[in-house]
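Everything on this sheet refers to the single structure shown next.
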Amino acid sequence: MDNKKEINKRRTFGIISHPDAGKTTLTEKLLLFGGAIQSAGAVKNNKIKKSATSDFMEIEKQRGISVATSVMAFNYSNRQINILDTPGHKDFAEDTYRTLTAVDSVIMVIDCANGVEAQTEKLMEVCRMRDTPVIVFINKMDREGQDAFDLLDEIESKLLIKVKPMSWPIGIGATFKGVYNIHKKELNLFSGNKTGIEKEVYKIDGLKDPKLPDFIGNEETNTLKDEVELINGVYGDFNQEDYLNGKVAPVFFGSALNNFGVQELLDSFIEVSPTPQSRETESRIVEPNENKFSGFVFKIHANIDPKHRDRIAFLRIVSGKFERNKFYFHTRLQKKIKFPNPTSFMASSKSVVDSAFPGDVIGLYDSGTFKIGDTLSEGEIINYKGIPSFSPEIFKEIQNDDPMKTKQLEKGLSQLTDEGVAQLFVMQPGNRKIIGTVGELQFEVIQYRLKQEYGATCSFVSRNFFKACWMTSSDDDKLEDFIKRKSANIAYDKDNNPVFLAPSPFLLTQAGSDYPEIIFHKTSEFKLDE
Ligand code: G4P
(Lines give C-alpha, C1' and ligand atoms only; values in the text may rest on other atoms or scores of the structure.)
Protein backbone atom coordinates (compact mmCIF):
# COMPACT_ATOMS: atom_id res chain seq x y z
CA MET A 1 0.00 0.00 0.00
CA ASP A 2 1.46 3.34 -0.97
CA ASN A 3 -0.10 6.43 0.53
CA LYS A 4 2.58 8.73 -0.82
CA LYS A 5 0.35 10.50 -3.31
CA GLU A 6 -2.27 11.25 -0.68
CA ILE A 7 0.34 12.38 1.84
CA ASN A 8 2.00 14.74 -0.62
CA LYS A 9 -1.33 16.38 -1.39
CA ARG A 10 -1.93 17.41 2.21
CA ARG A 11 -0.96 20.57 4.06
CA THR A 12 -2.04 20.83 7.68
CA PHE A 13 -1.45 24.11 9.44
CA GLY A 14 -2.72 26.53 12.04
CA ILE A 15 -3.19 30.29 11.90
CA ILE A 16 -2.04 32.03 15.04
CA SER A 17 -2.10 35.62 16.19
CA HIS A 18 -2.63 37.98 19.04
CA PRO A 19 -6.41 38.65 19.24
CA ASP A 20 -7.57 41.25 16.73
CA ALA A 21 -4.60 40.97 14.40
CA GLY A 22 -6.88 39.41 11.77
CA LYS A 23 -6.74 35.64 12.16
CA THR A 24 -10.47 35.14 11.63
CA THR A 25 -10.54 37.46 8.65
CA LEU A 26 -7.57 35.72 7.03
CA THR A 27 -9.03 32.25 7.67
CA GLU A 28 -12.22 33.36 6.04
CA LYS A 29 -10.45 34.71 2.96
CA LEU A 30 -8.47 31.49 2.59
CA LEU A 31 -11.70 29.53 2.72
CA LEU A 32 -13.17 31.79 0.06
CA PHE A 33 -10.27 30.96 -2.24
CA GLY A 34 -10.75 27.30 -1.56
CA GLY A 35 -14.44 27.61 -2.43
CA ALA A 36 -15.18 26.24 1.03
CA ILE A 37 -17.46 29.14 1.87
CA GLN A 38 -19.42 31.35 -0.46
CA SER A 39 -19.43 34.60 1.46
CA ALA A 40 -17.55 36.45 4.13
CA GLY A 41 -18.97 36.30 7.65
CA ALA A 42 -19.29 32.54 7.94
CA VAL A 43 -16.34 32.02 10.23
CA LYS A 44 -16.78 35.22 12.17
CA ASN A 45 -19.32 33.68 14.54
CA ASN A 46 -16.68 31.45 15.95
CA LYS A 47 -15.09 34.21 17.95
CA ILE A 48 -15.66 34.37 21.64
CA LYS A 49 -16.31 38.02 22.15
CA LYS A 50 -13.39 39.56 23.92
CA SER A 51 -15.65 41.51 26.24
CA ALA A 52 -17.79 38.52 27.20
CA THR A 53 -15.47 37.23 29.89
CA SER A 54 -18.29 36.24 32.18
CA ASP A 55 -20.99 35.29 29.74
CA PHE A 56 -20.93 31.53 29.82
CA MET A 57 -24.05 31.10 27.76
CA GLU A 58 -22.06 32.79 25.07
CA ILE A 59 -19.25 30.32 25.64
CA GLU A 60 -21.69 27.44 25.31
CA LYS A 61 -23.02 28.83 22.09
CA GLN A 62 -19.54 29.35 20.77
CA ARG A 63 -18.50 25.85 21.72
CA GLY A 64 -21.28 24.52 19.60
CA ILE A 65 -20.17 26.51 16.63
CA SER A 66 -16.53 25.81 17.11
CA VAL A 67 -16.96 22.05 16.66
CA ALA A 68 -17.74 22.86 13.07
CA THR A 69 -14.90 25.31 12.65
CA SER A 70 -12.22 23.56 14.69
CA VAL A 71 -10.87 22.04 11.52
CA MET A 72 -11.57 23.40 8.09
CA ALA A 73 -10.51 21.33 5.13
CA PHE A 74 -10.72 22.34 1.49
CA ASN A 75 -9.11 21.65 -1.84
CA TYR A 76 -7.01 24.22 -3.60
CA SER A 77 -4.74 23.76 -6.57
CA ASN A 78 -4.80 19.98 -6.25
CA ARG A 79 -3.87 20.09 -2.57
CA GLN A 80 -5.96 19.24 0.43
CA ILE A 81 -5.56 22.05 2.90
CA ASN A 82 -6.45 21.41 6.54
CA ILE A 83 -6.66 24.55 8.67
CA LEU A 84 -6.78 23.89 12.39
CA ASP A 85 -8.44 26.67 14.31
CA THR A 86 -6.76 28.00 17.42
CA PRO A 87 -8.83 29.93 19.94
CA GLY A 88 -7.73 33.54 20.11
CA HIS A 89 -8.83 34.14 23.71
CA LYS A 90 -5.85 33.98 26.03
CA ASP A 91 -7.73 31.90 28.58
CA PHE A 92 -7.81 29.11 26.04
CA ALA A 93 -4.08 29.28 25.37
CA GLU A 94 -3.54 25.68 26.39
CA ASP A 95 -6.05 24.52 23.80
CA THR A 96 -4.04 26.44 21.23
CA TYR A 97 -0.75 24.90 22.38
CA ARG A 98 -2.22 21.44 22.01
CA THR A 99 -3.65 22.16 18.60
CA LEU A 100 -0.19 23.22 17.51
CA THR A 101 1.04 19.68 18.17
CA ALA A 102 -1.23 18.52 15.37
CA VAL A 103 -0.06 20.94 12.66
CA ASP A 104 2.95 20.77 10.38
CA SER A 105 3.39 24.50 10.01
CA VAL A 106 1.79 27.80 10.99
CA ILE A 107 0.90 31.15 9.50
CA MET A 108 1.38 33.92 12.00
CA VAL A 109 -0.65 37.08 11.54
CA ILE A 110 0.82 40.34 12.81
CA ASP A 111 -0.96 43.68 12.89
CA CYS A 112 1.28 46.23 11.13
CA ALA A 113 0.44 48.91 13.69
CA ASN A 114 0.84 46.82 16.85
CA GLY A 115 3.75 44.68 15.70
CA VAL A 116 4.69 41.70 17.84
CA GLU A 117 2.28 41.44 20.79
CA ALA A 118 2.31 39.37 23.99
CA GLN A 119 0.29 36.44 22.68
CA THR A 120 2.37 36.31 19.49
CA GLU A 121 5.50 35.87 21.56
CA LYS A 122 4.00 33.08 23.66
CA LEU A 123 2.75 31.20 20.61
CA MET A 124 6.09 31.54 18.91
CA GLU A 125 7.75 29.97 21.94
CA VAL A 126 5.58 26.91 21.39
CA CYS A 127 6.50 26.81 17.70
CA ARG A 128 10.16 27.05 18.61
CA MET A 129 9.92 24.04 20.93
CA ARG A 130 9.22 21.88 17.91
CA ASP A 131 10.92 23.97 15.22
CA THR A 132 7.56 24.36 13.49
CA PRO A 133 7.96 26.21 10.18
CA VAL A 134 6.39 29.68 10.34
CA ILE A 135 5.20 32.05 7.62
CA VAL A 136 4.48 35.61 8.76
CA PHE A 137 1.63 37.65 7.29
CA ILE A 138 1.83 41.33 8.19
CA ASN A 139 -1.76 42.45 8.05
CA LYS A 140 -3.79 45.69 7.86
CA MET A 141 -1.40 47.41 5.46
CA ASP A 142 -4.36 49.58 4.40
CA ARG A 143 -4.00 51.27 7.80
CA GLU A 144 -1.25 53.43 9.16
CA GLY A 145 1.35 51.24 10.78
CA GLN A 146 4.99 50.86 11.63
CA ASP A 147 7.79 51.08 9.13
CA ALA A 148 8.29 47.71 7.39
CA PHE A 149 11.99 47.52 8.27
CA ASP A 150 11.20 48.21 11.94
CA LEU A 151 8.61 45.44 11.90
CA LEU A 152 11.10 42.96 10.51
CA ASP A 153 13.64 43.96 13.17
CA GLU A 154 11.01 43.55 15.87
CA ILE A 155 10.06 40.08 14.62
CA GLU A 156 13.68 38.99 14.60
CA SER A 157 14.45 40.34 18.04
CA LYS A 158 11.23 39.43 19.87
CA LEU A 159 10.36 36.16 18.15
CA LEU A 160 13.96 35.01 17.86
CA ILE A 161 13.63 33.88 14.26
CA LYS A 162 15.29 35.18 11.14
CA VAL A 163 13.01 36.67 8.50
CA LYS A 164 13.02 36.77 4.73
CA PRO A 165 10.59 39.21 3.09
CA MET A 166 8.98 37.56 0.10
CA SER A 167 7.05 40.65 -0.87
CA TRP A 168 7.60 44.30 -0.13
CA PRO A 169 4.97 46.99 0.50
CA ILE A 170 4.74 50.12 -1.55
CA GLY A 171 3.58 52.75 0.94
CA ILE A 172 1.34 52.09 3.91
CA GLY A 173 -2.11 53.23 5.09
CA ALA A 174 -3.42 56.08 2.95
CA THR A 175 -0.42 55.82 0.62
CA PHE A 176 -0.54 52.01 0.28
CA LYS A 177 -0.26 51.12 -3.40
CA GLY A 178 0.34 47.41 -3.20
CA VAL A 179 3.20 44.99 -2.91
CA TYR A 180 6.07 43.90 -5.08
CA ASN A 181 6.57 40.15 -5.04
CA ILE A 182 10.33 39.82 -4.76
CA HIS A 183 10.31 36.11 -5.46
CA LYS A 184 8.12 36.19 -8.54
CA LYS A 185 8.99 39.73 -9.65
CA GLU A 186 5.33 40.60 -9.91
CA LEU A 187 3.50 43.76 -9.02
CA ASN A 188 0.32 43.36 -7.07
CA LEU A 189 -1.66 46.58 -7.01
CA PHE A 190 -4.02 47.41 -4.17
CA SER A 191 -7.56 48.34 -5.13
CA GLY A 192 -9.40 48.18 -1.82
CA ASN A 193 -11.74 45.53 -3.14
CA LYS A 194 -13.07 43.80 -0.06
CA THR A 195 -15.01 40.92 -1.48
CA GLY A 196 -13.72 39.89 -4.85
CA ILE A 197 -10.65 37.89 -5.51
CA GLU A 198 -7.70 40.09 -6.34
CA LYS A 199 -6.96 40.37 -10.03
CA GLU A 200 -4.59 43.23 -10.41
CA VAL A 201 -1.38 41.28 -10.61
CA TYR A 202 1.10 42.52 -13.20
CA LYS A 203 3.94 40.49 -14.49
CA ILE A 204 6.75 42.99 -14.84
CA ASP A 205 10.29 42.51 -15.86
CA GLY A 206 11.69 43.10 -12.40
CA LEU A 207 12.33 46.53 -10.95
CA LYS A 208 14.03 47.74 -14.13
CA ASP A 209 10.79 47.46 -16.09
CA PRO A 210 10.12 50.90 -17.64
CA LYS A 211 6.38 50.45 -17.02
CA LEU A 212 6.85 50.41 -13.25
CA PRO A 213 6.56 54.20 -12.69
CA ASP A 214 3.31 54.20 -14.70
CA PHE A 215 1.83 51.86 -12.12
CA ILE A 216 3.12 53.32 -8.89
CA GLY A 217 4.71 56.72 -9.64
CA ASN A 218 8.33 57.91 -10.02
CA GLU A 219 9.14 58.58 -6.41
CA GLU A 220 7.67 55.28 -5.24
CA THR A 221 9.60 53.44 -7.94
CA ASN A 222 12.87 54.88 -6.69
CA THR A 223 12.06 54.11 -3.07
CA LEU A 224 11.01 50.57 -3.96
CA LYS A 225 14.24 49.97 -5.91
CA ASP A 226 16.36 51.22 -3.01
CA GLU A 227 14.48 49.21 -0.44
CA VAL A 228 14.46 45.96 -2.40
CA GLU A 229 18.18 46.34 -3.04
CA LEU A 230 18.71 46.78 0.67
CA ILE A 231 16.52 43.76 1.50
CA ASN A 232 18.34 41.54 -0.95
CA GLY A 233 21.63 42.63 0.59
CA VAL A 234 20.52 42.16 4.19
CA TYR A 235 18.27 39.11 4.06
CA GLY A 236 19.75 37.17 1.14
CA ASP A 237 17.92 34.51 -0.86
CA PHE A 238 15.04 32.45 0.45
CA ASN A 239 16.23 29.06 1.59
CA GLN A 240 13.40 26.54 1.82
CA GLU A 241 15.43 24.17 3.96
CA ASP A 242 15.93 26.86 6.60
CA TYR A 243 12.21 27.61 6.57
CA LEU A 244 11.32 23.92 6.92
CA ASN A 245 13.69 23.65 9.87
CA GLY A 246 12.01 26.59 11.60
CA LYS A 247 15.07 28.81 11.24
CA VAL A 248 13.73 31.42 8.81
CA ALA A 249 10.24 32.85 8.47
CA PRO A 250 9.20 34.09 5.03
CA VAL A 251 7.24 37.34 5.40
CA PHE A 252 4.31 38.61 3.33
CA PHE A 253 2.48 41.91 3.56
CA GLY A 254 -1.21 42.42 2.86
CA SER A 255 -4.66 43.26 4.06
CA ALA A 256 -6.87 40.31 4.87
CA LEU A 257 -9.97 42.47 5.12
CA ASN A 258 -9.40 43.75 1.60
CA ASN A 259 -8.48 40.31 0.36
CA PHE A 260 -5.14 41.70 -0.58
CA GLY A 261 -2.00 39.59 -0.58
CA VAL A 262 -4.02 36.55 0.47
CA GLN A 263 -3.82 34.58 -2.75
CA GLU A 264 -0.14 35.38 -3.00
CA LEU A 265 0.25 34.00 0.51
CA LEU A 266 -1.76 30.87 -0.25
CA ASP A 267 0.09 30.17 -3.51
CA SER A 268 3.47 30.52 -1.86
CA PHE A 269 2.28 28.51 1.12
CA ILE A 270 1.38 25.49 -0.97
CA GLU A 271 4.65 25.78 -2.84
CA VAL A 272 6.96 25.83 0.17
CA SER A 273 5.09 24.47 3.19
CA PRO A 274 5.78 21.00 4.57
CA THR A 275 3.79 17.89 3.71
CA PRO A 276 2.61 15.83 6.73
CA GLN A 277 5.63 15.25 8.93
CA SER A 278 6.88 12.41 11.08
CA ARG A 279 6.20 12.51 14.83
CA GLU A 280 8.32 11.49 17.78
CA THR A 281 7.04 8.86 20.18
CA GLU A 282 8.54 7.66 23.42
CA SER A 283 10.23 4.79 21.60
CA ARG A 284 10.83 5.83 18.00
CA ILE A 285 9.98 8.23 15.19
CA VAL A 286 6.87 7.38 13.20
CA GLU A 287 6.98 8.31 9.53
CA PRO A 288 3.83 9.25 7.61
CA ASN A 289 4.47 6.73 4.85
CA GLU A 290 4.61 3.73 7.16
CA ASN A 291 2.05 1.11 6.21
CA LYS A 292 0.44 0.82 9.60
CA PHE A 293 -2.02 3.40 10.80
CA SER A 294 -1.42 5.52 13.90
CA GLY A 295 -2.71 8.83 15.20
CA PHE A 296 -3.23 10.83 18.37
CA VAL A 297 -6.01 12.79 20.02
CA PHE A 298 -5.17 16.47 20.52
CA LYS A 299 -8.57 17.91 21.33
CA ILE A 300 -11.82 16.71 22.83
CA HIS A 301 -15.00 18.59 22.38
CA ALA A 302 -18.04 18.03 24.55
CA ASN A 303 -21.49 18.04 23.09
CA ILE A 304 -23.40 21.00 24.43
CA ASP A 305 -26.69 19.13 24.40
CA PRO A 306 -26.98 17.46 27.84
CA LYS A 307 -29.22 14.77 26.35
CA HIS A 308 -26.40 13.62 24.13
CA ARG A 309 -23.38 13.42 26.32
CA ASP A 310 -21.16 12.21 23.46
CA ARG A 311 -17.99 14.03 22.88
CA ILE A 312 -15.93 14.40 19.74
CA ALA A 313 -12.30 13.44 19.91
CA PHE A 314 -10.12 15.06 17.24
CA LEU A 315 -7.56 12.63 15.95
CA ARG A 316 -4.58 13.66 13.85
CA ILE A 317 -3.44 10.86 11.59
CA VAL A 318 0.32 10.41 11.64
CA SER A 319 0.93 7.26 9.61
CA GLY A 320 -0.80 4.74 7.39
CA LYS A 321 -4.42 4.80 6.36
CA PHE A 322 -7.35 5.06 8.73
CA GLU A 323 -10.38 3.03 7.72
CA ARG A 324 -13.92 3.20 8.97
CA ASN A 325 -15.19 0.20 10.92
CA LYS A 326 -11.76 -1.36 11.27
CA PHE A 327 -10.62 -2.29 14.79
CA TYR A 328 -7.81 -0.12 16.12
CA PHE A 329 -5.78 -0.44 19.28
CA HIS A 330 -6.26 2.15 22.02
CA THR A 331 -2.78 2.08 23.54
CA ARG A 332 -3.62 3.48 26.98
CA LEU A 333 -6.66 1.29 27.56
CA GLN A 334 -5.05 -1.63 25.72
CA LYS A 335 -8.22 -2.48 23.92
CA LYS A 336 -9.52 -2.65 20.40
CA ILE A 337 -12.14 -0.19 19.26
CA LYS A 338 -13.81 0.43 15.91
CA PHE A 339 -15.41 3.61 14.68
CA PRO A 340 -18.53 3.35 12.55
CA ASN A 341 -18.99 7.11 12.06
CA PRO A 342 -15.71 8.97 11.80
CA THR A 343 -16.31 12.46 10.43
CA SER A 344 -14.26 14.53 8.08
CA PHE A 345 -14.18 18.29 8.19
CA MET A 346 -14.27 19.02 4.49
CA ALA A 347 -16.08 22.31 4.52
CA SER A 348 -18.06 21.49 1.42
CA SER A 349 -19.29 18.10 2.62
CA LYS A 350 -19.15 17.46 6.33
CA SER A 351 -19.76 13.77 6.49
CA VAL A 352 -18.76 10.30 7.47
CA VAL A 353 -15.45 9.29 5.91
CA ASP A 354 -14.41 5.82 4.86
CA SER A 355 -10.72 6.51 4.97
CA ALA A 356 -8.25 9.20 5.96
CA PHE A 357 -4.52 9.78 5.52
CA PRO A 358 -1.58 11.33 7.36
CA GLY A 359 -2.14 15.04 7.88
CA ASP A 360 -5.90 14.57 8.12
CA VAL A 361 -7.89 15.26 11.23
CA ILE A 362 -10.98 13.20 11.84
CA GLY A 363 -13.68 13.49 14.47
CA LEU A 364 -14.44 10.33 16.50
CA TYR A 365 -17.59 10.05 18.59
CA ASP A 366 -16.51 9.31 22.10
CA SER A 367 -18.41 8.47 25.21
CA GLY A 368 -15.51 8.85 27.60
CA THR A 369 -12.84 6.55 26.18
CA PHE A 370 -10.44 9.26 25.14
CA LYS A 371 -8.09 11.56 26.97
CA ILE A 372 -5.99 14.19 25.31
CA GLY A 373 -2.77 12.59 24.09
CA ASP A 374 -4.27 9.12 23.56
CA THR A 375 -2.98 7.09 20.66
CA LEU A 376 -4.66 4.67 18.26
CA SER A 377 -2.52 2.19 16.35
CA GLU A 378 -2.72 -1.19 14.65
CA GLY A 379 -1.34 -2.93 17.74
CA GLU A 380 1.98 -1.28 18.47
CA ILE A 381 2.21 0.53 21.79
CA ILE A 382 2.97 4.07 20.77
CA ASN A 383 2.91 7.17 22.93
CA TYR A 384 3.29 10.35 20.98
CA LYS A 385 5.43 13.02 22.53
CA GLY A 386 4.74 16.69 22.45
CA ILE A 387 1.35 16.91 24.11
CA PRO A 388 2.47 18.20 27.46
CA SER A 389 0.53 19.89 30.19
CA PHE A 390 1.87 23.35 30.87
CA SER A 391 2.07 24.77 34.33
CA PRO A 392 -1.21 26.53 35.07
CA GLU A 393 -1.12 30.10 36.31
CA ILE A 394 -4.27 30.28 38.40
CA PHE A 395 -5.02 27.78 41.15
CA LYS A 396 -8.26 27.27 43.07
CA GLU A 397 -9.41 24.64 45.49
CA ILE A 398 -12.74 23.14 44.62
CA GLN A 399 -15.46 22.97 47.29
CA ASN A 400 -18.29 20.52 46.93
CA ASP A 401 -21.45 22.49 47.70
CA ASP A 402 -23.82 19.54 47.43
CA PRO A 403 -22.50 16.45 49.28
CA MET A 404 -25.36 14.37 47.82
CA LYS A 405 -23.75 14.81 44.41
CA THR A 406 -20.18 13.88 45.30
CA LYS A 407 -20.00 11.08 42.75
CA GLN A 408 -21.28 13.31 39.98
CA LEU A 409 -18.76 15.97 40.91
CA GLU A 410 -15.90 13.47 40.78
CA LYS A 411 -17.02 12.09 37.46
CA GLY A 412 -17.55 15.53 35.96
CA LEU A 413 -14.17 16.75 37.11
CA SER A 414 -12.48 13.69 35.75
CA GLN A 415 -14.11 14.05 32.36
CA LEU A 416 -13.61 17.79 32.09
CA THR A 417 -9.95 17.46 32.91
CA ASP A 418 -9.63 14.61 30.36
CA GLU A 419 -10.96 17.09 27.84
CA GLY A 420 -8.18 19.46 28.84
CA VAL A 421 -10.48 22.21 30.14
CA ALA A 422 -8.24 22.49 33.21
CA GLN A 423 -5.72 20.47 35.21
CA LEU A 424 -6.50 18.66 38.38
CA PHE A 425 -4.08 18.23 41.27
CA VAL A 426 -4.86 16.32 44.43
CA MET A 427 -3.35 17.32 47.78
CA GLN A 428 -3.14 15.38 51.01
CA PRO A 429 -4.43 15.11 53.62
CA GLY A 430 -8.07 15.11 52.77
CA ASN A 431 -7.93 14.51 49.01
CA ARG A 432 -8.23 18.23 48.41
CA LYS A 433 -8.71 19.01 44.75
CA ILE A 434 -6.89 21.94 43.21
CA ILE A 435 -7.89 23.09 39.77
CA GLY A 436 -5.20 24.82 37.76
CA THR A 437 -5.88 26.87 34.62
CA VAL A 438 -4.30 29.55 32.51
CA GLY A 439 -7.36 31.83 32.65
CA GLU A 440 -10.27 32.82 34.88
CA LEU A 441 -12.77 31.90 32.22
CA GLN A 442 -12.20 28.19 32.74
CA PHE A 443 -13.51 28.31 36.30
CA GLU A 444 -16.81 29.65 35.04
CA VAL A 445 -16.86 27.02 32.33
CA ILE A 446 -16.19 24.26 34.90
CA GLN A 447 -18.80 25.49 37.36
CA TYR A 448 -21.38 25.88 34.65
CA ARG A 449 -20.71 22.56 32.98
CA LEU A 450 -20.60 20.60 36.25
CA LYS A 451 -24.05 21.94 36.99
CA GLN A 452 -25.50 21.54 33.51
CA GLU A 453 -24.01 18.21 32.54
CA TYR A 454 -23.49 16.43 35.87
CA GLY A 455 -25.90 18.12 38.28
CA ALA A 456 -23.06 18.95 40.69
CA THR A 457 -22.67 22.25 42.47
CA CYS A 458 -19.32 23.67 43.46
CA SER A 459 -17.48 26.81 44.40
CA PHE A 460 -13.82 27.79 44.41
CA VAL A 461 -11.38 29.14 46.92
CA SER A 462 -8.32 30.87 45.50
CA ARG A 463 -4.98 29.32 46.35
CA ASN A 464 -1.96 31.46 46.05
CA PHE A 465 0.46 29.34 44.09
CA PHE A 466 2.85 30.65 41.51
CA LYS A 467 3.53 27.60 39.36
CA ALA A 468 3.05 23.84 39.31
CA CYS A 469 6.39 22.16 38.70
CA TRP A 470 6.85 18.54 37.80
CA MET A 471 9.99 17.05 39.27
CA THR A 472 12.69 14.63 38.21
CA SER A 473 15.86 13.70 40.01
CA SER A 474 18.80 11.40 39.60
CA ASP A 475 18.70 10.91 43.37
CA ASP A 476 15.47 9.23 44.50
CA ASP A 477 16.23 9.77 48.17
CA LYS A 478 16.58 13.51 47.74
CA LEU A 479 13.31 13.67 45.85
CA GLU A 480 11.58 11.70 48.55
CA ASP A 481 13.09 13.95 51.19
CA PHE A 482 11.88 17.07 49.34
CA ILE A 483 8.36 15.64 48.97
CA LYS A 484 8.26 14.89 52.68
CA ARG A 485 9.56 18.26 53.79
CA LYS A 486 7.38 20.29 51.45
CA SER A 487 4.27 18.16 51.87
CA ALA A 488 2.10 21.26 52.33
CA ASN A 489 2.96 22.22 48.75
CA ILE A 490 3.01 18.83 47.10
CA ALA A 491 0.14 17.62 44.98
CA TYR A 492 -0.35 14.78 42.51
CA ASP A 493 -1.46 15.21 38.91
CA LYS A 494 -3.91 12.94 37.07
CA ASP A 495 -1.19 10.44 36.28
CA ASN A 496 -0.09 10.44 39.90
CA ASN A 497 3.13 12.34 39.26
CA PRO A 498 4.24 14.49 42.21
CA VAL A 499 4.06 18.21 41.54
CA PHE A 500 5.53 21.07 43.57
CA LEU A 501 3.03 23.91 43.88
CA ALA A 502 5.57 26.66 44.29
CA PRO A 503 4.20 29.54 46.38
CA SER A 504 6.37 32.21 44.73
CA PRO A 505 9.21 32.63 42.21
CA PHE A 506 11.55 33.23 45.14
CA LEU A 507 10.64 29.99 46.89
CA LEU A 508 10.95 28.08 43.63
CA THR A 509 14.46 29.40 43.12
CA GLN A 510 15.26 28.58 46.72
CA ALA A 511 13.98 25.03 46.35
CA GLY A 512 16.25 24.72 43.31
CA SER A 513 19.31 25.84 45.21
CA ASP A 514 18.49 23.77 48.33
CA TYR A 515 17.95 20.69 46.19
CA PRO A 516 20.32 20.93 43.22
CA GLU A 517 19.69 17.23 42.49
CA ILE A 518 16.07 17.94 41.60
CA ILE A 519 14.99 19.46 38.30
CA PHE A 520 11.79 21.51 38.46
CA HIS A 521 9.91 21.41 35.16
CA LYS A 522 7.22 23.83 34.04
CA THR A 523 5.70 21.37 31.59
CA SER A 524 4.76 17.76 32.16
CA GLU A 525 6.89 16.70 29.21
CA PHE A 526 10.29 17.47 30.48
CA LYS A 527 12.28 17.62 27.29
CA LEU A 528 10.33 20.60 26.05
CA ASP A 529 10.71 23.14 28.79
CA GLU A 530 14.42 23.46 29.08
P1 G4P B 1 -8.74 37.95 15.23
O2 G4P B 1 -9.48 36.77 14.68
O3 G4P B 1 -7.26 37.85 15.08
O4 G4P B 1 -9.15 38.34 16.60
O5 G4P B 1 -9.09 39.23 14.31
P6 G4P B 1 -10.28 39.50 13.31
O7 G4P B 1 -10.06 38.78 12.02
O8 G4P B 1 -11.57 39.35 13.97
O9 G4P B 1 -9.99 41.03 13.02
C10 G4P B 1 -10.03 42.00 14.05
C11 G4P B 1 -10.51 43.31 13.49
O12 G4P B 1 -9.56 43.78 12.51
C13 G4P B 1 -11.85 43.21 12.77
O14 G4P B 1 -12.52 44.45 12.97
C15 G4P B 1 -11.45 43.08 11.33
O16 G4P B 1 -12.45 43.53 10.44
C17 G4P B 1 -10.23 43.99 11.28
N18 G4P B 1 -9.31 43.64 10.19
C19 G4P B 1 -8.84 42.42 9.83
N20 G4P B 1 -8.01 42.53 8.77
C21 G4P B 1 -7.94 43.83 8.44
C22 G4P B 1 -7.25 44.56 7.43
O23 G4P B 1 -6.54 44.03 6.59
N24 G4P B 1 -7.44 45.91 7.43
C25 G4P B 1 -8.23 46.55 8.33
N26 G4P B 1 -8.34 47.87 8.22
N27 G4P B 1 -8.92 45.88 9.29
C28 G4P B 1 -8.77 44.54 9.35
P29 G4P B 1 -13.62 44.62 14.09
O30 G4P B 1 -14.13 46.00 13.92
O31 G4P B 1 -13.08 44.23 15.40
O32 G4P B 1 -14.66 43.54 13.76
P33 G4P B 1 -15.80 43.58 12.68
O34 G4P B 1 -16.81 44.49 13.26
O35 G4P B 1 -15.18 44.10 11.42
O36 G4P B 1 -16.23 42.19 12.61
Side-chain angles (χ1 to χ4, degrees), residues 13-33 36-37 39-53 58-59 62 65-66 68-72 83-93 95-96 99-100 106-124 127 134-146 148 151 167 169-179 188-198 200 251-266 439 441:
F13 73 105
I15 304 182
I16 54 180
S17 75
H18 189 87
D20 261 349
K23 179 172 74 76
T24 314
T25 313
L26 179 64
T27 307
E28 198 162 82
K29 298 295 150 107
L30 292 174
L31 294 180
L32 275 173
F33 278 109
I37 53 170
S39 65
V43 185
K44 203 89 204 161
N45 300 336
N46 183 30
K47 284 209 305 178
I48 291 182
K49 279 201 213 102
K50 286 139 215 153
S51 57
T53 45
E58 184 70 13
I59 299 169
Q62 303 295 356
I65 294 160
S66 65
T69 52
S70 285
V71 182
M72 290 157 280
I83 305 181
L84 272 52
D85 190 36
T86 55
H89 199 291
K90 76 170 180 19
D91 285 7
F92 291 95
D95 208 9
T96 299
T99 299
L100 291 181
V106 303
I107 292 180
M108 177 174 279
V109 186
I110 290 178
D111 180 326
C112 71
N114 299 336
V116 173
E117 296 174 84
Q119 193 90 339
T120 333
E121 282 187 65
K122 277 198 164 178
L123 291 164
M124 186 63 206
C127 293
V134 177
I135 291 181
V136 173
F137 183 72
I138 299 188
N139 191 27
K140 307 196 185 180
M141 291 301 291
D142 57 314
R143 282 212 197 143
E144 297 308 321
Q146 296 181 38
L151 282 165
S167 67
I170 304 158
I172 190 165
T175 64
F176 185 54
K177 296 233 159 101
V179 294
N188 190 351
L189 291 182
F190 178 61
S191 63
N193 169 16
K194 287 189 188 184
T195 47
I197 285 176
E198 63 203 41
E200 292 190 71
V251 178
F252 293 85
F253 294 83
S255 166
L257 185 65
N258 293 289
N259 216 345
F260 185 77
V262 178
Q263 182 157 24
E264 186 185 28
L265 173 75
L266 183 57
L441 207 50

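Just so you know, ligand 1 is whichever comes first in the structure, and atom 1 is the first atom listed for that ligand. Remember, predicted model here, so these are calculated numbers, not experimental data.
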Atom indices of ligand 1, in the order listed, that fall short of 4.0 Å to a heavy atom of P19: 4 (O)

Numbering the atoms of ligand 1 from 1, which are under 4.0 Å from a heavy atom of S17? 3 (O)

The side-chain contact (heavy atoms from CB on, under 4.5 Å) partner of I172 among K140, R143, M141 is M141

Please identify which atoms of ligand 1 are closer than 4.0 Å to at least one heavy atom of A256. 23 (O)

Looking only at heavy atoms, is any part of N139 under 4.0 Å from ligand 1, and if so is it the side chain, the backbone, or both, or is it neither? side chain

All ring pair (Phe, Tyr, Trp, His ring centres under 6.0 Å) counterparts of F252, not counting sequence neighbours: none

Looking at L257, N259, D85, the heavy atom closest to atom 22 (C) of ligand 1 belongs to L257

Which segment of S255 sits under 4.0 Å of ligand 1 when only heavy atoms are counted: both

If we set the cut-off at 4.0 Å for heavy atoms, which region of D20 has an atom near ligand 1: side chain, backbone, both, or neither? both

Distance-only N or O hit between ligand 1 and N258, under 3.5 Å: no

Of all the heavy-atom pairs spanning C127 and V134, show the shortest one and how long it is. CB-CG2, 4.2 Å

So for K23 against ligand 1, with non-hydrogen atoms under 4.0 Å, the contacting part is both

Can you name the atoms of ligand 1, numbered from 1 with element, that are less than 4.0 Å from a heavy atom of T25? 6 (P), 7 (O), 9 (O), 15 (C), 19 (C)

Do the ring planes of F190 and F176 sit parallel (below 30°), tilted (30 to 60°) or perpendicular (above 60°)? tilted

What pairs of residues pass the salt bridge (Lys or Arg N to Asp or Glu O under 4.0 Å) test when at least one of them lies in residues 112-121, not counting sequence neighbours? none

Please report the closest heavy-atom contact between I170 and V179, naming both atoms and the distance. CD1-C, 4.1 Å

Given side chains that start at C-beta, do those of I15 and L30 come closer than 4.5 Å, heavy atoms only? yes

Sidechain-backbone polar pair: K177 side chain, L189 backbone, donor-acceptor under 3.5 Å: no

I want to know if ligand 1 touches G22 in the polar sense, i.e. an N/O pair below 3.5 angstrom. yes

